[in-house]
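Just below is one structure, and these are the notes that go with it.
All heavy atoms count here, side chains included; hydrogens, waters and symmetry mates do not.
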Amino acid sequence: MAQTDIHILKALLSNGPEFVSGNQLAQQLGISRVGVWARLEKLRDEQFDIEAVRHRGYRLSKEPDHINGRLIQAYLDLQGNSTHLHCLSEVDSTNSVAERLLANNEETPLVVISNRQTQGRGRMGRVWHSPDKGGIYASFAFRPRLPYPRLQTITLWLGLQICHSLHQTYGLALKVKWPNDLFLDGRKVAGMLTEARIDADLTRDLIFGVGLNVCSDLSQWPDAVAAVATTLQTHSQEALRTNHVAAVLINTVEKAYQRYLEDPHTEELLNLWQQYNYLDQRAITFERGRETHQGKVVGLREDGALLIQPEDGPITALQSGEVSLNSARQVENP
Ligand code: BTN
């Protein structure tokens with residue numbers, strides 16, 4: 001039945017505001033018109049608004065707000081993407097589910113996407129606030145079979161590509177805050193968490209997790225998290241469709257990953273960095289060892305290290321860790 005629903009959704013989506021005839025759908029699917037009607041009733045139960053007009057057919061007037069696997073699959077099929085999609089209404093953590101699927105020898109690339117996480121994980125052991133309304137929680141699992149140093153800019157690369165794609169598709173001005181936050185108008189809109197398992201000198205598998213606030217109701221969030229967060233919808237003129245955003249995200253990450261596998265595209269990475277770098281020339285505080293330093297961000301090294309001009313010495317390269325802006329709100333999802 002899933003394939004039938006996906007076919008119907010693809011027909012409705014690709015006809016946009018036009019009606020799709022019930023007869024035509026029935027013929028394409030090899031089922032009766034009553035059969036088509038029954039499937040549409042099921043879709044209506046899943047919060048699709050589908051108009052029906054006698055002698056004209058059916059038209060999709062509203063999509064569900066929450067993550068819907070069939071709808072995402074329909075969008076992905078229309079974009080020619082053939083990933084293995086695992087859509088679940090609630091999970092502990094999409095990264096953990098992806099890990100278990102890899103251990104189960106599932107085929108890659110695969111994506112786990114969910115409406116809600118009960119144990120969403122952030123960097124450095126933090127919790128990722130993952131309520132069930134308006135967020136996308138997604139993890140991508142790959143088996144790159146490359147030496148780990150070859151993958152050292154992967155998170156930055158994927159983050160920059162996400163910024164670029166959301167800018168191209170929705171006109172949203174996202175920026176990467178090194179190393180793995182996405183910002184919009186000075187607030188955090190997404191976080192990325194990459195986890196890898198390394199065998200001898202090869203990366204056996206790699207999981208890239210991303211949590212994105214699409215149209216979350218921040219008034220329901222804990223104050224400390226809401227104070228530093230924003231959503232895509234807050235900055236968009238058009239009403240965003242969560243499942244469309246999810247499909248754009250999936251397609252972007254998978255294509256960018258495939259390209260990165262062939263070549264790390266250093267020049268493109270540095271160009272994207274120029275375009276989508278949140279920290280450019282800004283005064284920051286950073287930690288080295290146990291010491292805290294002040295400096296100004298002056299660039300990115302080819303291996304993804306942040307180049308900083310400290311107040312008291314020569315330019316230094318920060319390979320990992322976190323930095324905070326001296327003049328801004330603190331930006332963590334605690
Ligand atoms: C951070 O900013 O600390 C990184 C947050 C990463 C959150 C995402 S949500 C999807 C995936 N599953 C998780 O448990 N974490 C990542």
Would you say Tyr75 ends up clustered with Val214 if hydrophobic residues are merged whenever their side chains have heavy atoms under 4.5 Å apart, either directly or through other cluster members? no
Taking all heavy atoms of Pro64 and all of Leu71, pick out the closest pair and write down the distance. CD-CD2, 4.0 Å
Looking at Ser236 and Leu232, would you say the former's side chain and the latter's main chain have a donor-acceptor pair under 3.5 Å? no
Please check this pair: side chain of Gln294 against backbone of Phe286, looking for a donor-acceptor N/O pair closer than 3.5 Å. no
Say you draw a straight line from CG of Leu300 to OG1 of Thr153; how long is it, rounded to the nearest 0.5 Å? 8.5 Å
In terms of heavy-atom contacts, Gln233 and Cys215 come closest through CB-CB, 3.8 Å
Would Tyr170 and His244 satisfy side-chain hydrogen bond (donor to acceptor under 3.5 Å, both in side chains), going step by step from the backbone distance to the final call? CA-CA 11 Å; Tyr170 306 110; His244 185 260; 2.6 Å; yes
Under 3.5 Å, is there a donor-acceptor pair between the side chain of Thr203 and the main chain of Pro144? no
Expected output: side-chain Ser216 to main-chain Leu218 donor-acceptor under 3.5 Å: no
Between Gln28 and His7, is a side-chain hydrogen bond (donor to acceptor under 3.5 Å, both in side chains) present by the stated rule, with each step listed? CA-CA 9 Å; Gln28 286 169 1; His7 184 101; 2.9 Å; yes
Say whether, by atom type as modelled, one donor and one acceptor occur between the side chain of Asn81 and the main chain of Thr83 under 3.5 angstrom. yes
Is Asp181 salt-bridged to Lys188, going by a charged N under 4.0 Å from an acidic O? yes
Look at the rings of Phe140 and Phe208 and say which category their plane angle falls in: under 30° parallel, 30 to 60° tilted, over 60° perpendicular. tilted
Could you check Asp77 against Ile6 for side chain to side chain contact (heavy atoms under 4.5 Å, CB included), going step by step and ending with a plain yes or no? CA-CA 9 Å; Asp77 284 358; Ile6 292 166; 3.6 Å; yes
Please check: side-chain N/O of Ser165 versus main-chain N/O of Gln161, any donor-acceptor pairing under 3.5 Å? no
Taking all atoms of both residues into account, what is the closest heavy-atom pair of Ala138 and Thr94, and its distance? C-OG1, 3.8 Å
In this structure, are over 12 heavy atoms from other groups packed under 6.0 Å from Gln281 atom CD? yes
When rounded to the nearest 0.5 Å, the distance separating CG of Asp132 from OH of Tyr137 is 8.0 Å
Are any of the side-chain heavy atoms of Asn95 and Ser139 separated by less than 4.5 Å? yes
Heavy-atom side-chain proximity of Leu272 to Val176 below 4.5 angstrom: no
Using a strict 4.0 Å threshold on nitrogen-to-oxygen distance, state whether Glu291 and Arg288 make a salt bridge. no
Would you say Thr230 and Asp185 make side-chain contact, with heavy atoms under 4.5 Å? no
Hey, is CD on Gln237 packed in by over 12 heavy atoms from elsewhere, all under 6.0 Å? no
Around atom CD of Glu41, are there more than 12 heavy atoms from other residues, nucleotides or ligands closer than 6.0 Å? yes
Should Lys133 and Asp65 count as side-chain neighbours, where that means a heavy-atom distance under 4.5 Å? no
Heavy-atom pair of closest approach, residues Glu254 and Pro109: OE2-CB, 3.7 Å
Would you sort out whether Glu63 and Asn243 count as a side-chain hydrogen bond (donor to acceptor under 3.5 Å, both in side chains), showing the intermediate values? CA-CA 8 Å; Glu63 300 178 4; Asn243 291 284; 4.8 Å; no
CD of Glu302: more than 12 outside heavy atoms within 6.0 angstrom? no
Let me see the working for Ser96 and Arg121 under side-chain hydrogen bond (donor to acceptor under 3.5 Å, both in side chains), right down to the final yes or no. CA-CA 9 Å; Ser96 306; Arg121 302 205 300 268; 2.6 Å; yes
Before giving the answer on side chain to side chain contact (heavy atoms under 4.5 Å, CB included), spell out for Arg100 and Val97 the whole-Å C-alpha distance, their side-chain angles and the decisive distance to 0.1 Å. CA-CA 5 Å; Arg100 296 194 284 270; Val97 176; 3.6 Å; yes
Mind telling me whether Tyr260 and Trp157 have parallel, tilted or perpendicular rings, with 30° and 60° as the class edges? tilted
Taking side chain as C-beta onward, heavy atoms only, is Val189 less than 4.5 Å from Leu174? yes
Taken to the nearest 0.5 Å, the spacing of Gln73 CD from Ser82 OG works out to 9.0 Å
Under the side chain to side chain contact (heavy atoms under 4.5 Å, CB included) rule, what do Tyr58 and Ile8 come out as? Steps first, then yes or no, please. CA-CA 10 Å; Tyr58 302 101; Ile8 293 175; over 6 Å; no
Side-chain donor or acceptor of Arg33 paired with backbone N/O of Leu25 under 3.5 Å: no
Give a yes or no on whether Leu249 and Leu13 share a hydrophobic cluster (residues Ile, Leu, Val, Met, Phe, Trp, Tyr; joining criterion: side-chain heavy atoms under 4.5 Å apart). no
For the backbone of Ile50 and the side chain of Arg44, can you confirm whether one donor and one acceptor N or O come within less than 3.5 Å of each other? yes
Testing the basics here: between Ile72 and Ala246, what is the closest heavy-atom pair and its distance to 0.1 Å? CD1-CB, 3.8 Å
May I ask you to test the Pro310-Thr316 pair for a side-chain heavy-atom distance under 4.5 Å? yes
Evaluate the side-chain proximity of Phe48 to Asn68: yes if any heavy-atom separation is below 4.5 Å, no if none is. yes
Strictly distance-based, threshold 3.5 Å: is any side-chain N or O of Arg59 a donor or acceptor partner for the main-chain N or O of Pro17? yes
Is there a side-chain contact between Gln275 and Asn271 (heavy atoms, below 4.5 Å)? no
If two hydrophobic side chains count as joined below 4.5 Å and joins carry through other members, does Leu88 share a cluster with Val245? no
Using the ring of each side chain (for Trp, its six-membered ring), is Phe142 parallel, tilted or perpendicular to Tyr257, with breaks at 30° and 60°? parallel
Report yes or no: do Leu193 and Val91 belong to one cluster of Ile/Leu/Val/Met/Phe/Trp/Tyr joined by side chain heavy-atom distances under 4.5 Å? no
Do Arg204 and Asp199 sit within salt-bridge range, that is, some charged N less than 4.0 Å from a carboxylate O? yes
Please determine whether side chain to side chain contact (heavy atoms under 4.5 Å, CB included) holds for the pair Thr234 and Asn213, giving the CA-CA distance in whole Å, both sets of side-chain angles, and the decisive distance to 0.1 Å. CA-CA 10 Å; Thr234 310; Asn213 308 331; over 6 Å; no
When rounded to the nearest 0.5 angstrom, what distance separates CZ in Arg39 from CZ in Arg70? 6.5 Å
Value rounded to 0.5 Å, distance of CG in Asn115 from NE2 in His66: 6.0 Å
Indicate if Ile162 and Leu151 have the same hydrophobic cluster label, given that clusters are the connected sets of ILVMFWY residues with side-chain heavy-atom separations under 4.5 angstrom. yes
Supply the atom-to-atom distance His129 NE2 to Gln117 CD, rounded to the nearest 0.5 angstrom. 11.5 Å
Backbone of Leu160 reached by a side-chain donor or acceptor of Trp273 within 3.5 Å: no
Return the minimal non-hydrogen interatomic distance between Met192 and Asn180, and the atom names on each side. O-ND2, 2.6 Å
